[in-house]
Structure formats: structure tokens, C-alpha cells
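Worksheet for the structure shown next.
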Amino acid sequence: MAASIKSTNSRLSMAMERTGQWVFSQEFPADVVVEVGKATFSLHKFMLVAKSNYIRKLILESKEPDLTRIDLSEIPGGADIFEKAARFCYGVNFEITVHNVATLRSAAEYLEMTDTYCDNNLAGRTEDFLSQVALTSLSGAVVVLKSCEDLLPMAEDLKIVQRCVDVASSKACNEANYPSRSPPNWWTEELSILDIAFLEKIIAAMKSRGAKAFTVASAIITYAERSLRDLVRDHSGNGKKLSDPGDSEVRIRQRELLESIVALLPAERAAFPIKFLCCLLRTAIYLTAANRCKNELEKRVSVILEHVTVDDLLVLSFTYDGERLFDLESVRRIISGFVEKEKSVAVFNGGDFREVCSTAMQRVAKTVDAYLGEIATCGELSISKFNGIANLVPKGARKVDDDLYRAIDIYLKAHPNLDEIEREKVCSVMDPLKLSYEARVHASQNKRLPVQMVLHALYYDQLKLRSGTDDRNMQDAVTTRNQLQVDVSLAKENEALRSELIKMKMYISDIQKNQGTSTKGGSRKPTFFSSMSKTLGKLNPFKHGSKDTSNIDDCVDITKPRRRRFSIS
């Protein structure tokens, strides 16, 4: 700040010294002092009045008989520009450039130094320079437009802004279609020096000229990476630690700039690379941007999620120092939005989304599983958040659950204090019947897994051995699950049959007891059990033959029926 004040004072002193030299070179003494801020200029009234109608009216309308001091502190450009205007009044040469022409044109309008008051006045000189030099190239138009940021609204009233926008948009479209120099996108660097409001005008003009979405996107990407350099350009997710907490002025300005940039994005959501969108979204999360801004970025990422990589999702997940997780709600909404889109497409095509998953959905499933493996090491990642992201992917999208098993194993290793129930919750998102042979072997020896999960893996291997097929050629998971259901059904049938046989034995025992009682007590009315006994007697295979059973090796004990195939031993 001190250096800036010192530089300003130095320029003012030099300006006053140069003006003094002009005055001392004249034969007549100065008769008026012009004040411009802190600077003062001793000049001649007749020299100023000859070119400036504004100064003439001040002198004529003054109540003082002899006006000796004039305050022109509101002149555009301040003391530096007034010095050049005074030089023009005295006929002293000075340089007009693309950097000062807009300010000089505004100062000429303020001082009423137009051609209607005096031929070949300052306004006419600046207009000639604008049309013949400054606005003949993209770089010149952009520099002039940049200088207009401090000249509003006068620069707009004089049509300088609109003329610059028209030239810049036209030249940018031509360069995008027919590059004139290398690198081809050099024009985007030129536009990146502008204020966001002026860039918005140029983007709108380019769209009206039929510019393609990718052309507009390239300009926006370069602008965002330059204006939010520390926030957007770091794609790794492990950038430097930013020490600008709270809602400081810098952070508020960055937030407003980001929201303005997002508002400029063209309607074609696939026009931007996914890395850029992820970086913008992470910046929006960090700056606590408006929900409308974040939702727009999430929708754009969701549309092209099939092209996302694990690194892209990690950019969204971690803070700039890479030490802690952001809120994972954005990642959840992105994945959920993609799944809903695929579901709508499947239903529209007449398919069943639960059974048929597109290639894009399978690719996203692999990416999500790998992403879970990367964030599983974070201590603050809860089971509900881990399972919530895993369950977003339809089970049919995973042909094999090996990647998901790897993520679960990493999570269990990073959270060793989980009890049996919590470990079962973590493993509930995985289908053990969809593990490959190598994964099942690993799972059967994994002490971190709950016992139930290990038993599932062992039971599946037993089914494979009984079927006589090669363990390394895994059958379809649906067929295996059906076989499991059949075995469970057989086990239930065996248990029911065993119960029925025990009941039958009890009935027979009761019949025998009743027969003995009726023999001792004389003849009695035949009962239901006696009738049943006679009926069973007719079915006796030894009724007409020998009752000696000593020659039979295996006697079937009906109290212990033969067990069917449902043992897991």
C-alpha cells in the first residue's frame, strides 16, 4: 500500500513538473490553478477555453469576477489523464495507446472537448485511434475493454464497450474456426484478463454468432483456471493447504466469481471435461456456494459419469490438503442421478432394470467399488455412508463382487474396533456367491470377516465340489442361488418327514397298547386304532413267510431317517 502511494505521488510530481515547464515556456504568466485530486496544475485560461467547452462554461458561469481555481477531481482517469488533455490544449504531443484511449475519450467527453466545439479536438483524435488502430485486432479490443472497467457507465454511454465486445467476439469466433497462430487457443488467454461481466457479454455475442459449445467451453475453462488459479487448477486432490477460513472478503469474492462462471456454462452438459467439472464442484463445496450452483455442477458430472475415473471422484471427496473428507452427499447425488437416468433409459427401451444393466452402468459400478476402496481408509467414514454409496449401484451391475470385497476388507482393516454385528453390516452390501475362486479362497482365510460370511464362502465351495465342475469356472450367481434354495427346501422336507415318522411310531405304539388291553379285558367294540392295526397287519411283508430277520444286514431304524444332502460339513 505504501509503495502504491509513493508511486502515485511520484507520478503526480512528475506531471506537475512537466506542466510547469509548459507554463514557464509561455510569455504570459499562469492565471488559473486546476485541482485534480491532490495534484494541482498552474495553467492559462485562454489555452483551456480554446479546447474545452466545459471549462469555458465554468469560467463564464462563475460568480467570482476573476476565477483562479477550478476543481476537476471527477475527471475520468484522474491527474494522469488530465495532464494529457492539458498537453493537447497547449499543442504538446503525447502518445495515445490502447491502454489510455478509452480513458482519454471519456475525459474528452467530460471536458466537452468535441469536434462540435472545436475542429480536430481530443474526442475526434481518440475516435480515430479507436477505429483505425485499437479495434482492428482481438488483443487491442480486449485491452480497451479491460480499461473500461473503471469508466462505467460513461464507457457504455459512448458505445465503447459494445464496440469492443463486437470486435472481440467476432475475432474470437474466427480464431476458433481458423487459427492464425500457435497455440490454437491463444485467444482464450486474451479473454481471461477481462472482468466476468465483460466476459459474459462476449460469450453471449459469440453464441449469437453461432459459436459451438466446445468453443465457448474452452474460453470458460481458461478463464476459470486463471481467475481461480489456486482452487481450480489443482486436479490431484492433494493441493496446498489453504488458510483463508470463514467468509473473508477474498472468499466472498471467489464465491461470487464461481457462481457467475457456472451461470455462463452452455446448455450442452457434455461440452466440458469431467476433471474440470469435478474441480469446479469441489471449489463450490469449499466456498459453500449456493445450492443452485452446486446442483448444476452435480447434474453435469452425473450425465457423463461413465467417463469418470477414481481420481476424479477423489477430487470431489477430499479437502485441498488431502487430510479429511468433505461431505459425501455430492458424490451420492451424482451416482444416484446417473442410476436414475439409466433406469429411465432401460424402462423406455422395454427392459427390466433389475436384471439388465448397460455397459455404462457396469463401468460406473467398477469405478464406484474402486472409489470405495480408496476412501475406506478414512477413520471418519461411517458404516452408513460406506454402505450408502455401495448400495446406490444396482446389484445386477456387478458381475463379480471382487472389487467390492476388496473395499470391504480395507474398511475392516482400517476400523479394527468393529464388533461382530458391525462387521456383518459392512459385509451386507456384498453377495458372497458372486466372488471369484481366488476371492473365496481369500475370504475363507480372512480373520477380519464375520463368521457368517466365511461360512457362506465355504458352503459355496462345497456346492461346487458336489457338482463336479471346475472351481475356477464360476457358474452364474443366479443358478447357484437356486441350488442353495433347493438344498434348503430338501432339508425342510427331511425334517417334516422325520416328524411324520415319529408320529406314526407313536400311533403304532398306542395301537399295540390298546390291543393288549382289549385281549385281557375280553371282547370289546373295535376301535379306530384296532382297525388301523388290522390294516397295517395286512401290509406285513412277513405275514405268510418266516419272521426271522437275523439274516438281514441293515435294519432301517425309522426313528433315525436317512439324512439327505444338506450337510455343510
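Being a predicted model, the structure only gives us computed values, none of them experimental.
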(request) Can you tell me which residue pairs pass the salt bridge (Lys or Arg N to Asp or Glu O under 4.0 Å) test with a partner in residues 368-386, sequence neighbours excluded? (result) Asp369-Arg398

(message) What I want to check is whether the side chains of Thr116 and Thr114 have a donor and an acceptor closer together than 3.5 Å.
(response) yes

(message) Within the 3.5 Å criterion, strictly below it, is a donor on Tyr371 or Ser317 matched to an acceptor on the partner's side chain?
(response) yes

(request) Look at the side chain of Asp195 and the backbone N and O of Ala197, then say whether any donor-acceptor pair between them is shorter than 3.5 Å. (result) yes

(message) Side chains of Ser131 and Thr136, heavy atoms from C-beta outward: is any pair under 4.5 Å?
(response) no

(message) I'd like to check Val429 versus Leu404 (side-chain heavy atoms, cut-off strictly below 4.5 Å). Are they in contact?
(response) yes

(request) Return the minimal non-hydrogen interatomic distance between Val161 and Cys148, and the atom names on each side. (result) CG2-CB, 4.0 Å

(request) With side chain to side chain contact (heavy atoms under 4.5 Å, CB included) as the test, would you mind laying out the steps for Val165 and Phe198 before giving the verdict? (result) CA-CA 8 Å; Val165 168; Phe198 288 156; 5.7 Å; no

(message) Between Thr367 and Thr309, is there a side-chain heavy-atom distance shorter than 4.5 Å?
(response) no

(message) Within the supplied structure, the quantity of interest is the number of heavy atoms (other residues, nucleotides, ligands) at a distance under 6.0 Å from Arg125 CZ; does it exceed 12?
(response) no

(request) Answer yes if the side chains of Ser180 and Glu175 hold a donor-acceptor pair under 3.5 Å, and no otherwise. (result) yes

(request) Answer yes or no: are there more than 12 heavy-atom neighbours, outside Lys45 itself, under 6.0 Å from its atom NZ? (result) yes

(request) Work out which heavy atom in Lys146 is nearest to a heavy atom in Ile193; give both atom names and the distance. (result) NZ-O, 3.0 Å

(request) Evaluate the side-chain proximity of Leu281 to Val315: yes if any heavy-atom separation is below 4.5 Å, no if none is. (result) no

(request) For residues Val34 and Leu48, determine if any side-chain heavy atom of one lies less than 4.5 Å from a side-chain heavy atom of the other. (result) yes

(request) Report yes or no: do Ser73 and Asp71 form a side-chain donor-acceptor pair below 3.5 Å? (result) yes

(request) Answer yes or no: is there a donor N or O on one side and an acceptor on the other, between the side chain of Asp115 and the main chain of Ala123, under 3.5 Å? (result) no

(request) Please report the C-alpha distance between Asn185 and Ser218 in whole Å, then the side-chain angles of each, then the deciding distance to 0.1 Å, and finally whether the side chain to side chain contact (heavy atoms under 4.5 Å, CB included) criterion is met. (result) CA-CA 8 Å; Asn185 64 338; Ser218 61; 5.6 Å; no

(request) Over all heavy atoms of both residues, which pair between Lys294 and Ala289 is shortest? Give the atoms and the distance, please. (result) CE-O, 3.6 Å

(message) Ignoring hydrogens and geometry beyond distance, is a side-chain donor-acceptor pair present between Thr103 and Asn100 at under 3.5 Å?
(response) no

(message) Check this for me, if you would: do Glu190 and Arg181 make a salt bridge, where the nitrogen-to-carboxylate-oxygen distance has to be below 4.0 angstrom?
(response) yes

(message) For a quick test of reading the model, state the closest non-hydrogen atom pair linking Val339 to Leu392 and the distance between them.
(response) CG2-O, 3.5 Å

(request) Answer yes or no: is there a donor N or O on one side and an acceptor on the other, between the side chain of Ser170 and the main chain of Asp166, under 3.5 Å? (result) no

(request) Go through the steps for Arg300 and Glu296 under the test salt bridge (charged side-chain N to carboxylate O under 4.0 Å, His left out), then give the verdict. (result) CA-CA 6 Å; Arg300 289 177 179 271; Glu296 175 62 24; 2.8 Å; yes

(request) Taking Thr222 for its side chain and Ala219 for its backbone only, find out whether a donor-acceptor pair lies under 3.5 Å. (result) no

(message) Return the CD1 to CG distance between Ile375 and Leu328, rounded to the nearest 0.5 Å.
(response) 5.5 Å

(message) Show, in sequence, the C-alpha distance, side-chain angles and deciding distance for Phe272 and Leu280, and conclude whether the side chain to side chain contact (heavy atoms under 4.5 Å, CB included) test is met.
(response) CA-CA 11 Å; Phe272 294 89; Leu280 276 189; over 6 Å; no

(message) I'd like to know if Arg163 pairs up with Glu127 as an ion pair, taking the criterion as any Lys NZ or Arg NE/NH1/NH2 lying under 4.0 Å from an Asp or Glu carboxylate oxygen.
(response) yes

(request) Classify the angle between the aromatic ring planes of Phe88 and Phe94 as parallel (below 30°), tilted (30 to 60°) or perpendicular (above 60°). (result) perpendicular

(message) Closer than 3.5 angstrom, by distance alone: can the side chain of Tyr90 be matched with the main-chain N or O of His44 as a donor-acceptor pair?
(response) yes

(message) In the structure I gave you, are the side-chain heavy atoms of Ile81 and Pro76 within less than 4.5 Å of one another anywhere?
(response) no

(message) For Cys378, is there any backbone N or O sitting under 3.5 Å from a side-chain donor or acceptor partner on His415?
(response) yes

(request) Please report the shortest heavy-atom distance between Ala168 and Leu138, naming the atom on each side. (result) O-CD1, 3.5 Å

(request) Specify the closest pair of heavy atoms between Ala85 and Met113, including all atoms of both residues, with the distance to one decimal. (result) O-CE, 4.1 Å

(request) Report the distance from atom CG of Leu72 to atom CG of Leu58, rounding to the nearest 0.5 Å. (result) 7.0 Å

(message) Just so I know, are the side chains of Ser330 and Leu316 near enough to count as touching, which here means a heavy-atom distance under 4.5 Å?
(response) no

(request) Check whether the side chains of Thr40 and Glu35 place a donor and an acceptor atom closer than 3.5 Å, and report yes or no. (result) no

(request) Starting at CD1 of Ile196, measure out to CD of Glu200 and round the result to the nearest 0.5 Å. (result) 7.0 Å

(request) State plainly whether the residues Arg105 and Glu109 are in salt-bridge range, i.e. N to O under 4.0 Å. (result) yes

(request) Indicate yes or no: does Glu329 engage Arg332 in a salt bridge with an N to O separation below 4.0 Å. (result) yes

(message) Between Lys275 and Asp312 (salt bridge meaning N to carboxylate O under 4.0 Å), is one present in this structure?
(response) yes

(message) Taking Glu259 first and then Arg255, would you say they form a salt bridge - that is, a charged N and a carboxylate O separated by under 4.0 Å?
(response) no

(message) I'd like to know if the side chain of Thr215 and the backbone of Ala211 have a donor-acceptor N/O pair within less than 3.5 Å.
(response) no

(message) Does Lys207, at its NZ atom, have more than 12 non-hydrogen atoms belonging to other residues, nucleotides or ligands within less than 6.0 Å?
(response) yes

(message) Measuring only between side-chain heavy atoms, which start at C-beta, is Cys279 closer than 4.5 Å to Phe276?
(response) no

(message) Quick check for you: to the nearest 0.5 Å, what is the distance between Ile274 atom CD1 and Ile304 atom CD1?
(response) 4.0 Å

(request) In sequence, state the C-alpha distance, the side-chain angles, and the governing distance for Met206 and Ile202, and then conclude on side chain to side chain contact (heavy atoms under 4.5 Å, CB included). (result) CA-CA 6 Å; Met206 291 177 65; Ile202 293 178; 4.0 Å; yes

(message) To the nearest 0.5 Å, what is the distance between CG on Leu194 and CD1 on Ile203?
(response) 10.0 Å

(message) Just verifying a value: how many Å separate Leu314 CG and Arg282 CZ, rounded to the nearest 0.5 Å?
(response) 10.5 Å

(message) Please check this pair: side chain of Tyr411 against backbone of Ile383, looking for a donor-acceptor N/O pair closer than 3.5 Å.
(response) yes

(message) Could you check whether any side-chain N or O of Tyr223 sits under 3.5 Å from a backbone N or O of Glu189, counting only pairs where one atom can act as donor and the other as acceptor?
(response) no

(message) I'd like to know if Arg56 pairs up with Glu112 as an ion pair, taking the criterion as any Lys NZ or Arg NE/NH1/NH2 lying under 4.0 Å from an Asp or Glu carboxylate oxygen.
(response) no

(request) Please determine if Arg87 and Glu83 form a salt bridge, counting it only when a charged side-chain N lies under 4.0 Å from a carboxylate O. (result) yes

(message) Strictly distance-based, threshold 3.5 Å: is any side-chain N or O of Asp403 a donor or acceptor partner for the main-chain N or O of Ala370?
(response) no

